[in-house]
2 protein chains.
Amino acid sequence: MELEAATGSDRKRGSGVKLAYDVLRDEILDLVLQPGSAIDEVQLAERFNMSRTPIREALVRLAAEGLIQTLPNRSTLVAPIDFLNMHTYFDALVLMYRVTTKLAAQHHRSPDLALIKEKQIQFADAVKAQDALAMIATNAEFHLAIAEAGRNTHFVSFFKRLLDEGRRILRLYYQSYEDRLPHRFVQEHEDMISAIENRNLELAEELARDHAEQIVAQVQKLLVPGERLKIEI
Amino acid sequence: MELEAATGSDRKRGSGVKLAYDVLRDEILDLVLQPGSAIDEVQLAERFNMSRTPIREALVRLAAEGLIQTLPNRSTLVAPIDFLNMHTYFDALVLMYRVTTKLAAQHHRSPDLALIKEKQIQFADAVKAQDALAMIATNAEFHLAIAEAGRNTHFVSFFKRLLDEGRRILRLYYQSYEDRLPHRFVQEHEDMISAIENRNLELAEELARDHAEQIVAQVQKLLVPGERLKIEI
DNA sequence: TGTATTTTATTTGTCGACAAGATTTTCTGA
DNA sequence: TCAGAAAATCTTGTCGACAAATAAAATACA
């Protein structure tokens, strides 16, 4: 467990925060750290073999991203997953799928397309290998590559944040159900790539929406029995 | 200038960061701190009469929000305004105007509407008084109240961030041109309120888009002579 | 035995100090 | 005079320590 910090504190200056931030972030998103559980600064400092200062900075950054909650003068804890307002998350996610894909169809250049296709191959491999974790990761990378091709940094950063949060939900999903993993998504990705390549804005957006709604429906069927207010925008 | 920190360092525990964060944030958004200018931690520590630690935490938070940029091991500076990609900002802003207004028409409850109308009165007062700064602030509050009524925290936080960034641009706009301030916006706001109140989703969204496009066009006419790629979503 | 109050312990927010990088200045040699 | 190396200065990242705020434990009291 203490692999990341050897005894000798020979670390490059300024890499301390980044290390703590990256590791904690991954552990939160991969549900290694349980949502709602408390975080002990001193313990983390010992674990990473550094003082509390860089740990603190990492925590502040995570808090700014909404990954941890910090009660003033009291404990800081891993942000709980808001199951009650899950539908608002899905609304935001679907919208970003649509917008970024449409913009990609409009603004992409050749190197963008190469990267997108590369991510799609990685995603297909993950599906073939039935590797749920790799699927989650490569799927996010695929859609982020599309978003980047859309060339709107505001949408990209917002979308990235949503996808991160989604990692926890999907993780939960794949944790509870060992499912035949959706080969269907691979084909849908291919269709989206074609639409982007042909600069067919409407089709790209439509496919993105259907794709997103499909995933959302599947996740929601398993996680929340309750209703979702469907919103047309 | 040093009003915020008297000689006696009698400050409530934990209020240090908040103070520094709030003040710096306002100074950045109000263009008191020039975009691109350097930030000196030690100087700030002296000014706020506290050690570098809380200053540092405030800066980290500001950096997480994109309000300052921090070059590793080197200086940190006020985030420059990205005039080149301004159109991406406007695209995001217009979309959020539309989405939040539509959702407000769908999900608002009576107390929401009261708050929205209150903000609208304040906005109208600011227009009447020709107070540009108050206009910027109350306009943002008005639209944020609408967003809150839409009950999607993801959209709200994203929108809030965009409106903040907009403060700098609008500030620039009002700084250079002493204009007859747009009474027209007041009427448009009234129309939006009616649409929300009547739960007319389509009309609410349409009015929001027109309103946003109107503002964008006016700002863009003055700031960027270049073209804007108009995107239909 | 259960509740209120004091004591103790834990944890967080802040501080001053120090060292690693980076920047500027000074010095050297052509 | 100017380019390059060395030294001095400045700024940032990290550390250990301390004090305020909170939580937990212990005690007193009914």
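Naming: A, B, ... by sequence-line order, numbering from 1 per chain. As the structure is a prediction and not an experimental result, all values here were calculated from the model.
- Between the P atom of C:dC15 and the CG atom of B:Asn49 lies a distance of 9 Å, rounded to the nearest Å.
- Each of A:Thr53 and B:Ser75 was assigned the nucleotide of DNA chain D with the nearest heavy atom; the assignment lying further toward the 5' end belongs to B:Ser75.
- Atom CD of B:Glu41 is separated from atom C1' of C:dC18 by 15 Å (rounded to the nearest Å).
- In this structure, the nucleotide among C:dC15, C:dG21, C:dT12 sitting nearest to the side chain of A:Val42 is C:dT12.
- Residue B:Asp40 is the one, among B:Asp40 and A:Met50, whose nearest nucleotide of DNA chain D lies closer to the 5' end (criterion: closest heavy atom).
- Rounded to a whole Å, the CZ atom of B:Phe48 is 16 Å from the C1' atom of C:dT14.
- Here the P atom of nucleotide C:dC15 and the CD atom of B:Glu57 are 12 Å apart, to the nearest Å.
- Relative to the side chain of B:Arg13, the nucleotides C:dA20, C:dT12, C:dT14 differ in distance, and C:dT12 lies closest.
- One distance of note links CG of A:Leu62 with CZ of A:Arg25; it measures 8.0 Å at 0.5 Å rounding.
- The CD atom of A:Gln43 sits 11 Å away from the P atom of C:dT12 (whole-angstrom rounding).
- Taking the six-membered ring where tryptophan is involved, the planes of B:His143 and B:Phe159 are perpendicular, since the angle between them exceeds 60° and thus also 30°.
- Using a 3.5 Å distance cut-off with no hydrogens or angles, the side chains of B:Asn139 and B:His189 do pair a donor with an acceptor.
- Whole-Å rounding puts the B:Asn73 CG to C:dG21 P distance at 7 Å.
- Between the CZ atom of A:Arg52 and the P atom of C:dT12 there is a distance of 7 Å, rounded to whole Å.
- Of the charged side-chain nitrogens involved, at least one lies within less than 4.0 Å of a carboxylate oxygen, so that A:Asp22 and A:Lys18 count as a salt-bridged pair.
- OP1 or OP2 of C:dT14 has not a single side-chain nitrogen or oxygen of B:Ser51 nearer than 4.0 Å.
- Protein atom CG of A:Leu44 is 18 Å distant from nucleotide atom P of C:dT10, rounded to whole Å.
- Under 4.0 Å is where a charged nitrogen must lie from a carboxylate oxygen, and between A:Arg151 and A:Asp112 at least one such pair does.
- Taking only side-chain nitrogens and oxygens, B:Arg74 comes nearer than 4.0 Å to OP1 or OP2 of C:dT23.
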